[in-house]
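Comments concern the structure below.
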Amino acid sequence: MSRLQLALNVSDLDSAIDFYSKLFDTPPAKVRPGYANFAVVEPPLKLVLIENGGTPGTLNHLGVEVDEREDVAAAQRRLAGQDLATTVENEVSCCYAVQDKVWVDSPDGSPWEIYTVLADTEMSTGESAACCP
């Protein structure tokens, strides 16, 4: 199953978790220092909250979570085949997970990632939850 990802910058993670838990009627799937994500079933959405990642209330990045590594590779081939500049990251530790991903920017500069989660992980000391290239 693929689902859209929306990553938001927030100023107060606890308040944001409370609000989005109520809005989507679901608890967060993962909470770490400065970071939380929700695996919302309906509508299918991966909501990511990044505390102090940028101006509060603004978009951090967008994405599409896919099931398999091959889905990421296929997306990269498709995008590159349509003359879009892509950046590939394999087995990168980001947002408390090991991921394979491909990045592409919209014409206005909004970063989009197509990614799959390979495993959960903890962040290294000094790393932030914000992980856009």
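Keep in mind the model is a prediction, meaning the values are calculated, not measured.
- In this structure, the side chains of Tyr20 and Leu8 come closer than 4.5 Å at one or more pairs of heavy atoms.
- Proximity of a side-chain donor or acceptor of Glu51 to a complementary backbone N or O of Leu13 within less than 3.5 Å is detected.
- In this structure a side-chain-to-backbone donor-acceptor pair under 3.5 Å is present from Ser21 to Ile17.
- Listed for the Asp108 side chain is no donor-acceptor partner under 3.5 Å among the backbone atoms of Ser110.
- By the 6.0 Å contact criterion, CD on Gln82 is enclosed, its count of non-hydrogen atoms from other residues, nucleotides or ligands being greater than 12.
- Side-chain contact between Ile50 and Val10 is absent, with no heavy atoms from C-beta onward closer than 4.5 Å.
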ask   = Does the pair Asn60 and Leu6 meet the rule for a side chain to side chain contact (heavy atoms under 4.5 Å, CB included), with working shown?
value = CA-CA 8 Å; Asn60 186 281; Leu6 174 61; over 6 Å; no
ask   = Between Val40 and Lys46, is a side chain to side chain contact (heavy atoms under 4.5 Å, CB included) present by the stated rule, with each step listed?
value = CA-CA 6 Å; Val40 181; Lys46 181 67 148 292; over 6 Å; no
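- The aromatic ring centres of Tyr96 and Tyr35 sit less than 6.0 Å apart.
- Contact annotation: the side chain of Asp71 never approaches that of Thr116 to less than 4.5 Å [non-hydrogen atoms, C-beta and beyond].
- Using a 4.5 Å heavy-atom cutoff, the side chains of Arg69 and Asn90 are not in contact.
- Note on Leu62: it clusters hydrophobically with Val88, by side-chain heavy-atom contacts below 4.5 Å among ILVMFWY residues.
- Looking at every heavy atom in both residues, Ala85 comes nearest to Val104 through O-CG2, 3.5 Å.
- Of all heavy-atom pairs between Lys30 and Ala97, the closest is NZ-CB, 4.2 Å.
- In this structure, a donor-acceptor pair under 3.5 Å is present between the side chains of Asn9 and Thr58.
- Under the 4.5 Å side-chain heavy-atom criterion for Ile, Leu, Val, Met, Phe, Trp and Tyr, Val72 and Leu79 are members of the same hydrophobic cluster.
- Looking at heavy atoms from C-beta onward, Thr121 lies in side-chain contact with Ser93 at the 4.5 angstrom threshold.
- Under 3.5 Å, the side chains of Glu89 and Tyr115 contain no donor-acceptor pair of N or O atoms.
- The closest side-chain heavy-atom distance from Leu45 to Arg3 is not below 4.5 Å.
- Interatomic distance, Leu118 CG to Lys101 NZ, rounded to the nearest 0.5 Å: 10.5 Å.
- Shown are Glu91, Glu65, Glu113; of these, the side-chain contact (heavy atoms from CB on, under 4.5 Å) with Gln99 is made only by Glu113.
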request  = Could you go through the side chain to side chain contact (heavy atoms under 4.5 Å, CB included) check for Val66 and Val64 one step at a time?
outcome  = CA-CA 6 Å; Val66 296; Val64 177; 4.1 Å; yes
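- Leu49 places a side-chain heavy atom less than 4.5 Å from the side chain of Phe38.
- Between the CD atom in Gln76 and the OG1 atom in Thr87 there is a gap of 9.5 Å [rounded to 0.5 Å].
- The two residues Val102 and Ala75 come nearest to each other via the heavy atoms CG1-CB, 4.4 Å.
- Following chains of ILVMFWY side-chain contacts shorter than 4.5 Å, one can reach Leu47 starting from Leu4, so the two form part of one hydrophobic cluster.
- The side-chain heavy atoms of Trp103 and Ile114, taken from C-beta on, include no pair separated by under 4.5 Å.
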